[in-house]
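Below: the structure, in structure tokens.
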Amino acid sequence: MSRLLYRLGSAAARHPWRVISVWVVLMAVMAAMAGTVGGTTHDNYNLPGTGSQHAIDLLRDRFPALAGADARVVVHAGSGKIGQADLKTAGDRLARLRHVSTVSPAQPSADGATALITVQYDLPVTELEPGPTLDDLRAATDGLKRSGHEVDFGGEVPENVTAPGGTAEAVGVVAALIILFLVFGSIVAAGLPLAVALAGLGVGVSGITLLAAFTDVATTAPTIAMMTGLGVGIDYALFILTRHREGLAEGLDVPESVGRAIATAGQSVIFAGCTVLLALCGLVFSGLPIFMTMGFATGIVVAATVAGAVTLLPAVLGLAGRRVLRRRDREPGARVSTESPRVRRWAERVGRRPWAWLLASLVLMLTLAAPALGMRTWPSDASSEPTSNTVRRAYDQVAEAYGPGANGPLLVAVDLKETGQGTLPALRDRLAATEGVASVAPPRLSPAGDAAVLVVTPEYGPQDERVTGLIERIRDGMLPPGSEITGLTAAYADLTAILQGHLWPVILVVVATSFIMLMIVFRSLLAPLKAALMNLLSIGAAYGVLVAVFQWGWGTRLLGLPHSVPVSSFIVLLMFTILFGVSMDYEVFLLSRVREEWLRTGDPRGSVTSGLGVTGRVISSAALIMVAVFLGFALDPSVVVKQMGVGLAVAVALDATVVRLVLVPATMALLGRANWWLPGPLDRLLPEIKPHSADDDAVAVPARDKASAAV
């Protein structure tokens, strides 16, 4: 691989326009295919094997009018009571909208100042276009507004309307450009990693659009994929560029320096990218189609950024020549330092007292992780939105006028083929007498009389911890055969249970595959084991910070949230797979350099000091860029994306500081030669991946370039 990458890099540097032309054509073809045959993102909320899904399937088969999405029109009088004529006119107009199956009569509040109209559609929310559908709702209720009433919208359709993105990505790109310029002191060097990352991102996003033509891709998947792809893409290009600048500082000509950079740092990029892809593959074991497509979408973008780093980047580096250096460093005889003396001195200080530094850093990380023991996961809903949003205003009006449970009613679907209609009165009485139930509406029969639905209103809101216990009490022997609970709140409870049940299998698969991969790369047993444990430590600390910021409410106002919210059920599993892969990136880059020094000198402690001294500055810069990118996504209006951005930023910051600058040198100093120990049977079994050397250059470089290779 080293020899192949050397040839690829040096050839691309000698013939840059050929490679750039291939990439331009590739991006154009992918964009054209995405625009013509590509699909659109589409959420798949099916929860196979759950009670809520069983009830939904029953309703789709027997009672399709109640199986689709719903929307709520909440009308509030500015003063006095709402006119019934206005409500009837609005109801008639709503009934004529596309895909509307039923419109319930307006339900007035006790004081008559608020009315609730429920609009039921004949399609699930994933089959509707939430934006245009919400526009239709607004147009149908214009008369109420002209009469001086306040009108807001809630329910599945309005809550699935997403605001246009772009702000988070722009913030991340600008921050990355500024950091790169400060690090390299050259606008050319600052722009190249960003340009290459954006090129890979463009190909990857087109690939996601093509994927959407064949399967359901979650609506948040492109955002999460871009968040991850932008961060790792810049980092991958940054590591290769740094190695290339080292080569130029040693006096190598541009093609030779590029070839060696791709053969060394480029090889690490490939292994780091494969580690991220392996971690994302763990989402296949999540048990949910929506998570699988998130993993596939993010994997496509990561693969595209890796391809750009090892093919497009060497071409643009060849085109840029020595302009990637500061102007003063381009002069003949200029000395360019590739090592950070400050980081090297720090590594030596940690190595002199490893136990003290190890224990201090462990105490810090475990303290940060402690709040995660009390983590409560639950999907976000309208109550998490700012009060400027119509769905939040509708939520508050409903809670005030009808009680908090009215925002999360439970639907009990009864199969009357399994049990007769005579059981419905007793079932309603049992439900009404259940602790936590505020009211039970009279049963509604399907057109054929073979199914019924009872609407159960809890005493507390959807995000209340007690709602899960209520669902369990109703399911525990209270329902007749063939009956089940559904509704958004019940589906959220089932979703959370699925994700919690699949968390440990995903963790085991991701950790095991990454461990095997690193064991092959570094031919060591303890180095990958130590890396896995430290990654778990930094992820646990990130979970703890998420709990403190969002669940405890320490940072919700700062992030634009109205109050504390549970950690989204989507976050724990998704964040683990992405974080484990991204954290392994830094481990691969650092240990690759340490192993080079170890093989060259045989000094276990000195190799750690030298490796960290050379890579410390670039890893810190890369981490700073990634933190800036992730924090940019904390500005996203989606609570899920916001929590992802904060969690990833915290984990990367801890990984690049506490882990890489303290835990790694401390543990490696304590282990000494045991860092690279590999049992004999494994040594004979595992393939050997040799690092790039000058001998490789002698074989790989054409005869006309041997003189420059010998410099």
Can you see which heavy atom on [X] is nearest to which on [Y], and at what distance?
X: Ala199; Y: Leu312; result: CB-CD2, 3.6 Å
X: Gly247; Y: Ser257; result: CA-OG, 3.4 Å
X: Met27; Y: Val203; result: CG-CG2, 3.5 Å
X: Ala304; Y: Gly204; result: CB-N, 3.9 Å
X: Asp655; Y: Ser538; result: OD1-OG, 3.8 Å
X: Pro255; Y: Ala13; result: CA-CB, 3.9 Å

Without swapping roles, check the side chain of [X] against the backbone of [Y] for a donor-acceptor pair under 3.5 Å.
X: Ser361; Y: Leu358; result: yes
X: Ser286; Y: Gly282; result: no
X: Thr577; Y: Leu574; result: yes
X: Arg323; Y: Leu319; result: yes
X: Thr228; Y: Ala225; result: no

Sidechain N-carboxylate O distance under 4.0 Å for [X], [Y]:
X: Arg345; Y: Glu348; answer: no
X: Glu596; Y: Arg243; answer: yes
X: Glu587; Y: Lys530; answer: yes

Problem set entry | Heavy-atom neighbours of Met519 CE exceed 12 at 6.0 Å |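 Yes.
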Would you mind reporting whether [Y] and [X] have side-chain heavy atoms less than 4.5 Å apart?
X: Leu313; Y: Leu317; value: yes
X: Phe576; Y: Ile507; value: yes
X: Phe239; Y: Ile619; value: yes
X: Leu230; Y: Leu198; value: yes
X: Thr298; Y: Leu283; value: no
X: Trp598; Y: Val608; value: no
X: Gln267; Y: Tyr6; value: no
X: Thr264; Y: Arg593; value: no

For this session: Show the numbers, then the answer: is there a side-chain contact (heavy atoms from CB on, under 4.5 Å) between Ile224 and Ile578?
Result: CA-CA 10 Å; Ile224 292 172; Ile578 293 176; 3.7 Å; yes
Problem set entry | Distance in Å, Arg322 CZ paired with Arg245 CZ, rounded so as to fall on 0.5 Å steps |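 So the CZ of Arg322 and the CZ of Arg245 are separated by 11.0 Å.
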Exercise. How many angstroms lie between CG in Asn675 and OG in Ser607, if you round to the nearest 0.5 Å?
Worked result: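 Rounded to the nearest 0.5 Å, the CG-OG separation comes out at 7.5 Å.
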Exercise. How far apart are the C-alpha atoms of Thr223 and Met644, what are their side-chain angles, what is the distance that settles it, and do they pass the side-chain contact (heavy atoms from CB on, under 4.5 Å) test?
Worked result: CA-CA 11 Å; Thr223 302; Met644 279 286 294; over 6 Å; no
Problem set entry | Stepwise side-chain contact (heavy atoms from CB on, under 4.5 Å) test for Met292 and Thr215 | CA-CA 11 Å; Met292 297 178 191; Thr215 187; over 6 Å; no
Problem set entry | Leu238 and Leu180: CA distance, side-chain angles, deciding distance, side-chain contact (heavy atoms from CB on, under 4.5 Å) verdict | CA-CA 9 Å; Leu238 175 61; Leu180 287 169; 3.8 Å; yes
Problem set entry | Reference residue Val232; test side chain to side chain contact (heavy atoms under 4.5 Å, CB included); the match among Val582, Val306, Val269 |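 That would be Val582; it is the only one of Val582, Val306, Val269 passing the side chain to side chain contact (heavy atoms under 4.5 Å, CB included) with Val232.
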Exercise. Do Ser268 and Ser592 have side-chain N/O donor and acceptor atoms under 3.5 Å apart?
Worked result: yes
